[in-house]
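Remember, it's 1-based here, ligands and their atoms both numbered in the order they're listed.
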Amino acid sequence: MKVQLEKIKQEFQKGLNEVSDVLMLEEFEKRFFSRRSGEMTEAMKNLKDLSGDARKEMGRLANEIKNELLEMLDQKRVDFNRGDSALLVKTEAIDVTQPKLPKQIGGHLHPMTIVHNELEDLFTSMGFMVLDGPELESTYYSFETLNIPATHPARENMDTFYIKDHSDWCMRPHTSPVQVRAMQKYGAPLRAVVSGRCFRNEATDASHDHTFYQMEGLVVDREISIANLIGTMKELLSGVLRRDVEVRLRPGYFPFVEPGFELDMKCLVCSGIGCGACKHSGWVETLPCGLVHPKVIEAGGLDPNEWTGFAFGLGSMRLAMQKYGIEDIRHLHAGDLRFLNQF
Ligand code: DAH
């Protein structure tokens with residue numbers, strides 16, 4: 001087993017030197033750490049055949065090597081990120097003698113589409129339905145049904161774009177309205193995710209855009225607990241990021257959940273040192289979540305004495321940034337082929 005581990009390490013080091021872009025890095029990461037057939041994952045599975053001290057010793061060694069390899073991956077991701085701007089400057093230089101370039105035909109999926117597809121696969125494998133909801137939404141579903149009455153200060157925090165001359169309609173500021181729509185349509189028990197665009201009248205910076213993506217999740221069943229919520233959130237993050245991530249849970253206030261939480265993850269773009277992607281704090285707010293408020297269950301047409309639930313609203317652009325080491329959210333909507341062609 002020791003020999004096998006050393007061999008994996010050597011191959012990893014050799015292979016990593018040949019990785020020259022983010023996509024290759026992702027493939028490379030899969031080769032070693034994919035949950036199904038990653039070389040390292042497989043090696044770790046063999047531990048269970050050992051017994052007693054040998055198992056303890058090999059377990060420790062395997063963990064040491066695993067962490068070393070993960071650190072190397074993080075470092076490479078950070079390097080790519082720093083290198084980006086240097087690369088752009090170089091390719092921007094104009095060579096006036098160059099003949100016209102052939103037109104590029106063909107295309108590929110946008111990184112956000114890749115991330116949403118992966119999330120949807122993951123959730124369907126856990127028995128969730130994938131739903132959709134309108135981007136032009138009523139204030140009734142956007143706020144009222146979510147326990148945010150007209151006078152509630154949370155409405156102001158949302159910086160909503162209202163429709164001119166139709167103040168009871170808006171561009172949805174979050175995907176949460178689909179929670180109530182889903183309960184009304186499908187009843188309980190229910191497991192659903194909804195990914196889509198949301199809009200807020202925000203000044204943009206490296207971690208905010210006026211148009212952004214969320215993935216909402218809702219589970220309604222009998223006796224749902226915080227343990228169900230946390231277990232699912234961890235599955236979500238490790239499923240998409242293909243590694244164990246460090247998370248912290250803080251209390252968070254959202255009128256439609258009680259209790260509510262903010263689940264933050266250690267920034268993978270800078271490994272927690274601080275960068276534009278994490279507002280220089282080392283932590284990224286990724287997953288606000290909580291247990292569904294009885295009033296919301298009621299608005300969904302269900303009896304809150306019988307049904308309970310948990311919900312989350314994943315900032316999926318932020319997750320994509322973490323996954324690919326993107327330091328500025330605005331790249332994702334800029335339509336710049338130099339950026340997009342890396343995926
Ligand atoms: N809709 C909230 C927002 O955009 C995020 C959110 C928080 C969604 C908690 C949830 C939740 O489902 O449980 O700010």
Open item on the list: Nearest non-hydrogen contact with atom 4 (O) of ligand 1 belongs to which option: Glu216, Gln179, Arg200?
Closed with: Arg200

For ligand 1, which atoms have a heavy atom of [X] less than 4.0 angstrom away?
| X | value |
| --- | --- |
| Gly290 | 13 (O) |
| Val257 | 13 (O) |
| Gly313 | 8 (C), 10 (C), 12 (O) |
| Ala311 | 12 (O), 13 (O) |
| Cys289 | 9 (C), 11 (C), 13 (O) |

Open item on the list: Please enumerate all residues that pass side chain to side chain contact (heavy atoms under 4.5 Å, CB included) together with His110, with sequence neighbours excluded.
Closed with: Met112, Thr113, Leu332, Leu340

Task: Nitrogen or oxygen of Met158 less than 3.5 angstrom from that of ligand 1 - done: no

Open item on the list: Test your reading of the structure: does Phe254 have an N or O sitting under 3.5 Å from an N or O of ligand 1?
Closed with: no

Examine ligand 1 and decide if any of its atoms is less than 4.0 Å from a heavy atom belonging to [X].
| X | answer |
| --- | --- |
| Ser176 | yes |
| Glu285 | no |
| Phe256 | yes |

- [ ] May I ask you to say whether Glu137 pairs ionically with Arg181, meaning some side-chain N is under 4.0 Å from a carboxylate O?
- [x] yes

Distance-only side-chain donor-acceptor flag, [X] / [Y], under 3.5 Å:
| X | Y | answer |
| --- | --- | --- |
| His208 | Asp205 | yes |
| Ser37 | Glu42 | no |
| Gln75 | Asp79 | yes |
| Glu262 | Tyr253 | no |

Quick one: are the ring centres of [X] and [Y] less than 6.0 Å apart?
| X | Y | result |
| --- | --- | --- |
| Phe312 | Phe123 | yes |
| His293 | Phe256 | no |
| His116 | Tyr213 | yes |

TODO: Starting from atom 7 (C) of ligand 1, find the nearest protein heavy-atom neighbour and note its residue, name and distance.
DONE: Pro288 CB, 3.4 Å

Open item on the list: Side chain, backbone, both or neither: which applies to Arg172 and ligand 1 if a contact is any heavy-atom pair less than 4.0 Å apart?
Closed with: neither

